[in-house]
Peer 1: 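Dumping the structure here so I can ask a few things about it.
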Amino acid sequence: MSAEESEGSPLPFEPKTKKRQKPTKGTSKPQAQVKTTEKPPNKQPPFTKEEMAIPEVVSQRMIRRVAGFCGIPTALGITTLVVSYLLATYTEIQLPPIAVLLVNMGLFGIGVLGITYGVLSSSWDEERPGSLWGLGEFSTNWGRMVEVWRETRQKNL
């Protein structure tokens, strides 16, 4: 499924919502409000926690992808620290500290980005596992996220 096809469609696990109509702006005088002693009815949330939750299959898929895309670079970052220490201690090889720092920061930075990529590259459809690298799923999910950001910004203006 391409990003263009999915931008108009809701998420597979998203609850169905009714579009609220915006109240019309009137130029007439406001009506006097009648005070009543009745308590307003309890407002129920529009959706239950179960309806809003990410399905177990999808969340497990996200966790596996985050573990791979974040865990591997982070483990390599820790390994570079250990290897540089062992090289400095047991051999005559002295690596420049700035080189160790930059490599380490780069790997940890890739690990942080891997968290986001792992979630966004997962297929959010319960029946479809998605591809190995998740490039198609990433573009679809990124498009959905950008669309929601734009809608939210328009509502807040």
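Note that the coordinates shown come from a computational prediction; the quantities given were computed from them, not determined experimentally. Basis for what follows: all heavy atoms, side chains included, without hydrogens, waters or symmetry-related copies.
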Peer 1: Can you name the closest pair of heavy atoms from Val119 and Trp124 and give their distance?
Peer 2: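 Minimum heavy-atom contact is O-NE1, 3.2 Å.
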
Peer 1: If you look only at pairs with a residue in residues 129-141, which of them pass as a salt bridge (Lys or Arg N to Asp or Glu O under 4.0 Å), with sequence neighbours excluded?
Peer 2: Arg128-Glu137

Peer 1: For the atom pair CD (Glu151) and CZ (Arg153), what is the distance rounded to the nearest 0.5 Å?
Peer 2: 11.5 Å

Peer 1: Just verifying a value: how many Å separate Thr79 OG1 and Leu86 CG, rounded to the nearest 0.5 Å?
Peer 2: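 One finds 10.5 Å between OG1 of Thr79 and CG of Leu86.
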
Peer 1: Which distance, rounded to the nearest 0.5 Å, do you find between the CG of Leu87 and the OH of Tyr85?
Peer 2: 12.0 Å

Peer 1: What's the shortest heavy-atom distance between Ile115 and Cys70, and which atoms?
Peer 2: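 In this case the closest contact between Ile115 and Cys70 is CG1-SG, 3.6 Å.
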
Peer 1: Do Arg65 side-chain atoms and Gly114 backbone N/O form a donor-acceptor pair below 3.5 Å?
Peer 2: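 No: the side chain of Arg65 does not pair with the backbone of Gly114.
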
Peer 1: Can you tell me if Ser84 uses its side chain to pair, donor with acceptor, with the backbone of Leu81 under 3.5 Å?
Peer 2: yes

Peer 1: Within this structure, what is the CH2-OH distance for the pair Trp133 and Tyr117, rounded to the nearest 0.5 Å?
Peer 2: 8.5 Å

Peer 1: Using the side-chain hydrogen bond (donor to acceptor under 3.5 Å, both in side chains) criterion, which residues pair with Arg61? Sequence neighbours excluded.
Peer 2: none

Peer 1: Tell me whether Leu120 is reachable from Trp149 by hopping between hydrophobic residues (I, L, V, M, F, W, Y) whose side-chain heavy atoms are closer than 4.5 Å.
Peer 2: yes

Peer 1: Side-chain heavy atoms under 4.5 angstrom apart, residues restricted to Ile, Leu, Val, Met, Phe, Trp, Tyr: same cluster for Phe138 and Leu132?
Peer 2: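 Phe138 clusters together with Leu132.
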
Peer 1: Say whether Val82 and Tyr90 are linked into one hydrophobic cluster, either directly or through other cluster members, by side-chain heavy-atom distances under 4.5 angstrom.
Peer 2: yes

Peer 1: With rounding to the nearest 0.5 angstrom, report the CD1 to CD distance, Ile54 to Glu126.
Peer 2: 11.0 Å

Peer 1: Answer yes or no: is there a donor N or O on one side and an acceptor on the other, between the side chain of Trp142 and the main chain of Ser121, under 3.5 Å?
Peer 2: no

Peer 1: Where is the tightest heavy-atom contact between Gly111 and Pro73, given as atom of each residue plus distance?
Peer 2: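 Where Gly111 meets Pro73 most closely, the heavy atoms are N-CB, 3.8 Å.
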
Peer 1: For the CE atom on Met105, are there more than 12 heavy atoms of other groups (residues, nucleotides or ligands in this structure) within a distance under 6.0 Å?
Peer 2: no

Peer 1: What's the shortest heavy-atom distance between Ser131 and Gly134, and which atoms?
Peer 2: OG-N, 3.0 Å

Peer 1: Would you say Phe69 and Ile110 make side-chain contact, with heavy atoms under 4.5 Å?
Peer 2: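 Not touching, per the 4.5 Å side-chain cut-off.
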
Peer 1: Indicate whether any N or O donor in one side chain lies under 3.5 Å from an N or O acceptor in the other, for Arg144 and Asn141.
Peer 2: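 Yes.
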
Peer 1: When rounded to the nearest 0.5 angstrom, what is the spacing between CG in Leu76 and CD1 in Ile72?
Peer 2: 7.5 Å

Peer 1: Would you say Leu101 ends up clustered with Val112 if hydrophobic residues are merged whenever their side chains have heavy atoms under 4.5 Å apart, either directly or through other cluster members?
Peer 2: no

Peer 1: Is there a side-chain contact between Thr152 and Lys155 (heavy atoms, below 4.5 Å)?
Peer 2: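 Thr152 vs Lys155: side chains apart.
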
